[in-house]
Protein chains: 2
Amino acid sequence: MGVTKTEIFTEKQNQLAIVLKVLAHPARIAILEYISTQEACICNDIVEEVGLAQPTISQHLKELKKIDLISGEIEGKSICYCINLQKWKEIQQLLNSFFLNTQSNCC
Amino acid sequence: MGVTKTEIFTEKQNQLAIVLKVLAHPARIAILEYISTQEACICNDIVEEVGLAQPTISQHLKELKKIDLISGEIEGKSICYCINLQKWKEIQQLLNSFFLNTQSNCC
DNA sequence: TTTATATATTGCAATATTACGATAATAAAG
DNA sequence: CTTTATTATCGTAATATTGCAATATATAAA
């Protein structure tokens, strides 16, 4: 089939999976890392930095925006992408509690 | 195309993406959570617990094993699956450093 | 050896993802 | 208004993922 059976899982499990899925691509990891190193907000050279075609980067940015991980503000004719710190920390906590709650207790 | 251009990314970016991809499915999250709640090592009722067909669960377990996140020991006619704590902590650290290094400094 | 139980593998259909060329949309500059 | 630069969208090809029925494999019990 190719479609995930979300209905049999909990809200939390699905949400965590969605967030992880967005993060689970080297290009999107690279984009996030690159944005974070930029002093100013001028983040329109992601295309050159990452090395994928412009439509591909645009698509990846869209996915990051979809879960509110980054936000884009129009700055002249370019757009400034920034990490949404609140969401960032939210995800960090989501992952932390997952890792803390899920521990081995055998073997 | 549909194939990720791994060659243009760093080793770290690719590794992180692979690990996140494995975790990025509600069924695999559910499996890990279920295994962690089991007192003993007898973890062969994952199929009933999660609610997917047996071959599907087997496939998900295979992916978790592929990155060494779980290990399966033969115990009679069933197999005991356990979380690999060392790998678990390794991933946790990998994620932690990613989240610490990647922070917003604009907007 | 036969039967029952548990897990793995194979093969396949449905859907999702990745990447990019072509093109549209938007806004500053001339 | 036209041109230029930047980002978004559309359409499409190649590949990956998800899920399951059918079947294979392996081990314990009878």
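All chains are named by letter (A, B, ...) in the order of the sequence lines, taking the proteins before the strands, and each is independently numbered beginning at 1.
- For the pair A/Lys89/A/Gln93, no side-chain contact is recorded, criterion being any heavy-atom separation below 4.5 Å from C-beta on.
- The CD1-C1' distance, from B/Ile35 to C/dT7, rounds to 14 Å in whole Å.
- If you measure from atom NZ of A/Lys66 to atom P of C/dA16, you get 11 Å, rounded to the nearest angstrom.
- You'll find that the side chain of A/Ser58 is closest to D/dT9, out of D/dT9, C/dT7, D/dA5.
- The shortest distance between the side-chain N/O atoms of B/Tyr81 and the OP1/OP2 oxygens of C/dA8 is below 4.0 Å.
- B/Phe98 has its side chain within reach of A/Glu33: a pair of non-hydrogen atoms, C-beta onward, lies under 4.5 Å apart.
- Checking the phosphate oxygens (OP1, OP2) of D/dG19, a side-chain nitrogen or oxygen of B/His60 falls inside 4.0 Å.
- At the phosphate of C/dA19, OP1 or OP2 sits under 4.0 Å from a side-chain N or O atom of A/His25.
- Heavy-atom contacts from other residues, nucleotides or ligands closer than 6.0 Å to CD of B/Glu7 number more than 12.
- Atom CD1 in B/Ile74 sits about 20 Å away from atom P in C/dT5, given to the nearest Å.
- Among the nucleotides C/dC20, D/dC20, D/dA8, the one closest to any side-chain atom of A/Ile79 is D/dA8.
- Each of B/Gly76 and A/Thr6 was matched to the nucleotide of DNA chain D holding its nearest heavy atom; the match closer to the 5' end belongs to A/Thr6.
- To the nearest 0.5 Å, atoms CG (A/Leu61) and CG (A/Leu69) are separated by 11.5 Å.
- Each side-chain hydrogen bond (donor to acceptor under 3.5 Å, both in side chains) pair with one or both residues in residues 46-62 of chain B, not counting sequence neighbours, appears once here: B/Arg28-B/His60.
- Proximity note for A/Thr56 (side chain, C-beta onward) versus C/dA8, C/dA19, C/dA16: the nearest is C/dA19.
- Remark: C1' of D/dA22 and CD of B/Gln54 are 11 Å apart, rounded to the nearest angstrom.
- B/Thr10 and B/Gln13 are linked by a side-chain donor-acceptor pair at a separation below 3.5 angstrom, with hydrogens and angles left out of the test.
- When distances run from any side-chain atom of A/Lys77 to the nucleotides D/dT7, C/dA19, D/dT6, the shortest one goes to D/dT6.
- Residue A/Lys21 places at least one side-chain N or O under 4.0 Å from the OP1 or OP2 atom of C/dT17.
- In this structure, A/Glu63 places its CD atom 17 Å from C1' of D/dT7, rounding to the nearest Å.
- Rounded to whole angstrom, the span from the CG atom of B/Leu61 across to the C1' atom of C/dA8 amounts to 10 Å.
- The distance from atom CD of B/Glu73 to atom P of C/dA8 is 14 Å, rounded to the nearest whole Å.
- A straight line from CD1 of A/Ile70 to C1' of D/dA8 spans 13 Å, rounded to a whole angstrom.
- Residue contacts shown for A/Thr4 are limited to sugar-phosphate atoms, with no base heavy atom under 4.0 Å away.
- For the residue pair B/Ser78 / B/Glu75, no side-chain donor-acceptor distance below 3.5 Å is found, with atom types taken as modelled.
- Checking A/Val47 against B/Ala53, the closest nucleotide of DNA chain D that is more toward the 5' end is the one next to A/Val47.
- By the criterion of side-chain heavy atoms lying less than 4.5 angstrom apart, applied directly or through intervening Ile, Leu, Val, Met, Phe, Trp or Tyr residues, B/Leu100 is not grouped with B/Leu95; the two fall into different hydrophobic clusters.
- Closest to the side chain of A/Ser78, out of D/dA8, C/dT9, D/dT7, is D/dT7.
- Closest to the side chain of A/Leu52, out of C/dA6, D/dA8, C/dC20, is C/dC20.
- Of the candidates D/dA8, C/dA8, D/dT15, the closest approach to any side-chain atom of B/Val3 belongs to D/dT15.
- Residue B/Ile57 is out of contact with every strand shown, counting any heavy-atom pair closer than 4.0 Å.
- Side-chain N/O atoms of A/Gln59 and base N/O atoms of D/dA8 include no donor-acceptor pair closer than 3.5 Å.
- Consecutive Watson-Crick or G-U pairs involving DNA chain D, each under 3.5 Å on both distances, make up stems of three or more pairs at C:1-30 with D:1-30.
- Ring orientation note: the planes of A/Phe99 and B/Trp88 are tilted relative to one another, at an angle of 30° to 60°.
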